Amino acid sequence: MLDLETNIAMQAEYSRDRRRKLAVFNGTSWLSPLRKLSLFGEAYPLSEWPVDEFAIVAALIAVIGIVGLLAF
């Protein structure tokens with residue numbers, strides 16, 4: 001039971017931290033683009049991005065590029 005409570009506490013802390021990072025990112029002005037980009041890296045870490053979907057999009061862009069070059 002203790003393990004379940006620890007797991008729930010860790011998830012709650014992660015959620016609070018994630019909401020805080022997103023709020024700071026959304027509250028930052030675009031007048032400071034370097035600050036906004038650094039906060040983007042914190043709010044949306046690369047390790048949480050969907051790799052499969054990016055691979056599909058990259059493959060489609062590559063095919064479109066190859067077809068475009070062949071048509072040119």
Side-chain angles (χ1 to χ4, degrees):
M1 188 65 177
L2 184 61
D3 187 40
L4 180 62
E5 292 172 358
T6 303
N7 192 10
I8 291 172
M10 287 174 43
Q11 288 178 353
E13 184 177 336
Y14 173 78
S15 295
R16 278 192 300 275
D17 188 45
R18 177 124 172 93
R19 279 194 305 269
R20 184 191 57 78
K21 287 179 181 179
L22 289 172
V24 169
F25 172 73
N26 290 332
T28 304
S29 171
W30 278 103
L31 296 177
S32 176
L34 293 177
R35 173 100 171 114
K36 191 76 167 182
L37 286 175
S38 69
L39 289 174
F40 179 81
E42 291 179 21
Y44 301 101
L46 189 60
S47 62
E48 294 181 2
W49 290 14
V51 177
D52 296 340
E53 286 84 355
F54 279 121
I56 292 170
V57 169
L60 290 173
I61 290 174
V63 168
I64 290 170
I66 291 170
V67 169
L69 285 175
L70 292 175
F72 181 65

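This is a predicted model, so every value here is computed, not measured. If you read the sequence from its start, that first residue is 1, and numbering goes on from there.
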Could you tabulate the donor-acceptor pairs under 3.5 Å formed by side-chain atoms of residues 27-36, not counting sequence neighbours?
{"residue": "Thr28", "atom": "OG1", "partner": "Val24", "partner atom": "O", "Å": "2.7"}
{"residue": "Ser29", "atom": "OG", "partner": "Leu31", "partner atom": "N", "Å": "3.0"}
{"residue": "Lys36", "atom": "NZ", "partner": "Phe25", "partner atom": "O", "Å": "2.7"}
{"residue": "Lys36", "atom": "NZ", "partner": "Thr28", "partner atom": "O", "Å": "2.9"}

Supply the atom-to-atom distance [X] [atom1] to [Y] [atom2], rounded to the nearest 0.5 angstrom.
X	Y	atom1	atom2	result
Arg20	Glu42	CZ	CD	7.5 Å
Trp49	Leu46	CH2	CG	5.5 Å
Asp17	Leu22	CG	CG	9.5 Å

Legend entry - Contacts of type ring pair (Phe, Tyr, Trp, His ring centres under 6.0 Å), residue Tyr14, not counting sequence neighbours: none

Legend entry - In one Ile/Leu/Val/Met/Phe/Trp/Tyr side-chain cluster, 4.5 Å: Ile56, Ile66: no

Legend entry - Over 12 non-hydrogen atoms of neighbours within 6.0 angstrom of CD in Glu13: no

Inset, instruction - Before giving the answer on side chain to side chain contact (heavy atoms under 4.5 Å, CB included), spell out for Ile8 and Glu5 the whole-Å C-alpha distance, their side-chain angles and the decisive distance to 0.1 Å. - result: CA-CA 5 Å; Ile8 291 172; Glu5 292 172 358; 5.7 Å; no

